[in-house]
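I have placed the structure first, in the form of structure tokens, so that the comments after it can refer back to it.
Each chain gets a letter, A, B and so on, in the order the sequences are listed, and its residues count up from 1.
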Protein chains: 2
Amino acid sequence: MGSYAPGEAAERSGFSLDTLRYYERIGLLTSVRRTAGGQRVFTDDDLSWLGILRCLRDTGMPIARMCRYAELSRGGEETMPERLALLAEHDRAVERQIARLRAQQEHIREKIRYYRTHAV
Amino acid sequence: MGSYAPGEAAERSGFSLDTLRYYERIGLLTSVRRTAGGQRVFTDDDLSWLGILRCLRDTGMPIARMCRYAELSRGGEETMPERLALLAEHDRAVERQIARLRAQQEHIREKIRYYRTHAV
DNA sequence: CTGGTACCTGGAGCGCGCTCCAGGTCAAGC
DNA sequence: GCTTGACCTGGAGCGCGCTCCAGGTACCAG
């Protein structure tokens, strides 16, 4: 616990090394320390931030929006309302996404039932 | 009812004209008739096929897989089992997708609750 | 000290699913 | 007949989110 080499961070977070470097470049990941020689060192905090990113990413948040969230998180307490608003809005987006998936899934199931009864 | 100009087909299906032409190029849409002058004419059947494509697309099926489905649909009765299998597999994929969304949504909601109680 | 592997950087490239463009054709209304 | 707008084709380009590469450096094991 406490500090992880890049390879281990990749493994634990589920992001590739290239993706971790990419996220750093675009400002999604800013707090990663370095050794004297310039190698990255990830902390538990970094990993938990990556956990949040994974969660937002997997639920379809565009990277630009994640960057906005990251920016707010770097800001102080006064960004709390906006962070909250952003997450709440995303929560609603996920809800809509699930509802649409369910509806479309129902159509697929009808199609399947149709095949089951009309074929063979 | 029965035949639609490209613009109307686009409007009714929700796909852009360019997307309709693209789907035709890659073989997702093969039955569209033409006027003597070469303009497309869409039928109700075309529109209902487009409805299926929209459904598969919106639930995240890759285009290559939709092409496979289209190919099977052009085949005879004997492709029924494979079509059925393809749809059933996709249904399971959608189910997994929804489950993952729900799980991640729960994390987001925890985060929101955290902000609500700790901030302001 | 040496070897080997893990890591570094900047920048180019990729795969998907469209989207746009140039330059021309078709067709309905006046 | 003429205009006007919708449509045609082949092919290039784009936006996203990575992914790969070349050429070089760091660090640990023996």
*Output the residues of residues 91-100 of chain A in contact with DNA chain C, where contact means a heavy atom of the residue under 4.0 Å from an atom of the strand; sort by number or write none.*
none
*asked:* Restricting to side chain to side chain contact (heavy atoms under 4.5 Å, CB included), what partner residues turn up for L84(B), sequence neighbours left out?
replied: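 Residues passing side chain to side chain contact (heavy atoms under 4.5 Å, CB included) with L84(B): I112(A), Y115(A), R116(A).
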*Applying side chain to side chain contact (heavy atoms under 4.5 Å, CB included), name anything that partners Y22(B), two or more places apart in sequence or on another chain.*
I26(B), I63(B)
Check this for me, if you would: do [X] and [Y] make a salt bridge, where the nitrogen-to-carboxylate-oxygen distance has to be below 4.0 angstrom?
| X | Y | answer |
| --- | --- | --- |
| R109(B) | E95(A) | yes |
| E89(B) | R92(B) | yes |
| E106(A) | R102(A) | no |

*asked:* Run the side-chain hydrogen bond (donor to acceptor under 3.5 Å, both in side chains) test against Q97(B) and tell me which residues pass, sequence neighbours left out.
replied: none
_Pairing residues for T43(A) by the side-chain hydrogen bond (donor to acceptor under 3.5 Å, both in side chains) criterion, not counting sequence neighbours_ = D46(A)
*Through what angle, rounded to 10 degrees, does the axis of the helix from dC1(C)-dG30(D) to dC30(C)-dG1(D) turn between its ends, using five pairs per end?*
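The two end axes of the helix from dC1(C)-dG30(D) to dC30(C)-dG1(D) meet at 10°.
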_Quick check on contacts: within residues 28-36 of chain B, what sits under 4.0 Å from DNA chain D by heavy-atom distance?_
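Correct list: R34(B).
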*asked:* Without decimals, in angstroms, what is the distance between I26(A) CD1 and dG11(C) P?
replied: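 One finds 17 Å between P of dG11(C) and CD1 of I26(A), rounded.
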N/O to N/O distances under 3.5 Å, protein versus nucleotides 3-7 of chain C:
{"residue": "dC7(C)", "atom": "OP1", "partner": "G7(A)", "partner atom": "N", "Å": "2.8"}
{"residue": "dC7(C)", "atom": "O4'", "partner": "Q39(A)", "partner atom": "NE2", "Å": "3.4"}

*Under 3.5 Å, is there a donor-acceptor pair linking the side chains of H107(A) and E110(A)?*
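The answer is no; no qualifying pair exists.
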*Of all residues at least two apart in sequence or in a different chain, which pass the salt bridge (Lys or Arg N to Asp or Glu O under 4.0 Å) check with R33(B)?*
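None.
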Kindly give the atom pairs (protein nitrogen or oxygen, nucleotide nitrogen or oxygen) under 3.5 Å for nucleotides 13-20 of chain C.
{"residue": "dG17(C)", "atom": "OP1", "partner": "R57(B)", "partner atom": "NH2", "Å": "3.2"}
{"residue": "dG17(C)", "atom": "OP2", "partner": "I63(B)", "partner atom": "N", "Å": "3.4"}
{"residue": "dC18(C)", "atom": "OP2", "partner": "Y23(B)", "partner atom": "OH", "Å": "2.7"}
{"residue": "dT19(C)", "atom": "OP2", "partner": "T19(B)", "partner atom": "OG1", "Å": "3.4"}
{"residue": "dC20(C)", "atom": "N4", "partner": "D18(B)", "partner atom": "OD1", "Å": "3.3"}

_Distance (rounded to the nearest 0.5 Å) between S73(A) OG and E82(A) CD_ =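 Answer for the OG-CD pair, S73(A) versus E82(A), is 10.5 Å.
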_Gap separating the CZ atom of R57(A) from the CD1 atom of I52(A), nearest 0.5 angstrom_ =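 So the CZ of R57(A) and the CD1 of I52(A) are separated by 15.0 Å.
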*With sequence neighbours excluded, tell me which residues meet ring pair (Phe, Tyr, Trp, His ring centres under 6.0 Å) with Y23(A).*
F15(A)
*asked:* So, using ring pair (Phe, Tyr, Trp, His ring centres under 6.0 Å) as the criterion, who are the partners of Y4(A) when residues are at least two apart?
replied: none
*Run through L28(A), L87(A), T79(A), L53(A) and flag the one making a side chain to side chain contact (heavy atoms under 4.5 Å, CB included) with Y69(A).*
L87(A)
